[in-house]
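Hydrogens, waters and symmetry mates are skipped; everything else that's a heavy atom, side chains included, is used. None of these values were measured; they are calculated from a predicted model.
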Amino acid sequence: NAGFLNDLKNNTIDGLAIQQYQNLFHQTIGQLNKQTSESIEIFKVGLSNLVPLTTTFSATTLSNDMKKIAEVISVRNFLGAKRQTFFVTFGGWDHHDDVLTNQNNMLPVLSNALYEFNNAMTELGMQDDVVTFTISDFARTLTSNGNGSDHAWGGNNIIMGGPIQGQQIFGDYPSLNLTS
């Protein structure tokens, strides 16, 4: 029954997509809907052919997200992907208060997920082809507000992957001397 409903849905989308529209916008939407439907079907088949990973991932949401990305990367050739871009959100870093406690809880989750993902890329032979990095829309002051810190002008990123030549600082490193 599910196969019948899926075929019915696809036939309906195909029927709408091949209609001749006068309006260029309608033509474009119809074509994009058809391409999207076809891409979803290819993606489903690709996911049914995942390369089984021996890398163990933690039970955190972030590690599970990174595992899913590794699985999609494992079928990149089937999907015909020459370049893939993935976005993962790991929120909750707005630590105005209790910064040390919060970061002591969150940094190990981040560290483990990145370590596990890196191991999976090595397992897939992709360690020299994948770059992973963190980014944030704000940073923190170096001075305390009592229990944490406030928003600031600069920050840091984590960048990892085979082609990265690490242990470099770009830009001017600020003085850590606290002045009154």
>> When you measure from the side chain of Glu123 to the backbone of Thr54, do you find a donor-acceptor pair of N or O atoms at a distance under 3.5 Å?
In response: yes

>> Does Val72 form a side chain to side chain contact (heavy atoms under 4.5 Å, CB included) with Phe43? I'd like the steps, not just the answer.
In response: CA-CA 9 Å; Val72 173; Phe43 195 72; 3.9 Å; yes

> Any side-chain heavy-atom pair from Lys82 and Arg76 closer than 4.5 angstrom?
Replying inline: no

> Should Ile42 and Phe78 be marked as a side chain to side chain contact (heavy atoms under 4.5 Å, CB included) after you check the CA-CA gap, both sets of side-chain angles, and the distance that decides it?
Replying inline: CA-CA 9 Å; Ile42 291 169; Phe78 177 84; 4.2 Å; yes

>> Tell me if the CZ atom of Phe133 is crowded by more than 12 foreign heavy atoms within 6.0 Å.
In response: no

> Does Ser111 use its side chain to pair, donor to acceptor, with the backbone of Leu107 at less than 3.5 Å?
Replying inline: no

> Can you list the steps and then say if Val130 with Leu124 is a side chain to side chain contact (heavy atoms under 4.5 Å, CB included)?
Replying inline: CA-CA 11 Å; Val130 174; Leu124 294 172; over 6 Å; no

>> Has Thr134 got a side-chain atom pairing as donor or acceptor with Asn157's backbone, closer than 3.5 angstrom?
In response: no

> What closest approach, in Å, do Asn49 and Val45 show between heavy atoms, and which atom pair accounts for it?
Replying inline: ND2-O, 2.9 Å

>> I'd like to know if the side chain of Glu116 pairs up with that of Ser58 as donor and acceptor (distance under 3.5 Å, no hydrogens or angles considered).
In response: yes

> Any side-chain heavy atom of Trp93 sitting closer than 4.5 Å to one from Gln103?
Replying inline: yes

> With Met66, which of Thr61, Val88, Thr60, Thr55 fulfils side-chain contact (heavy atoms from CB on, under 4.5 Å)?
Replying inline: Val88

>> Quick check: do Thr132 and Asn118 have side-chain heavy atoms less than 4.5 Å from each other?
In response: no

> How far apart are the closest heavy atoms of Ser63 and Phe57, and which atoms are they?
Replying inline: O-CD2, 3.4 Å

> If every non-hydrogen atom of Asp129 is compared with every non-hydrogen atom of Gly125, which pair is closest and at what distance?
Replying inline: OD2-O, 4.2 Å

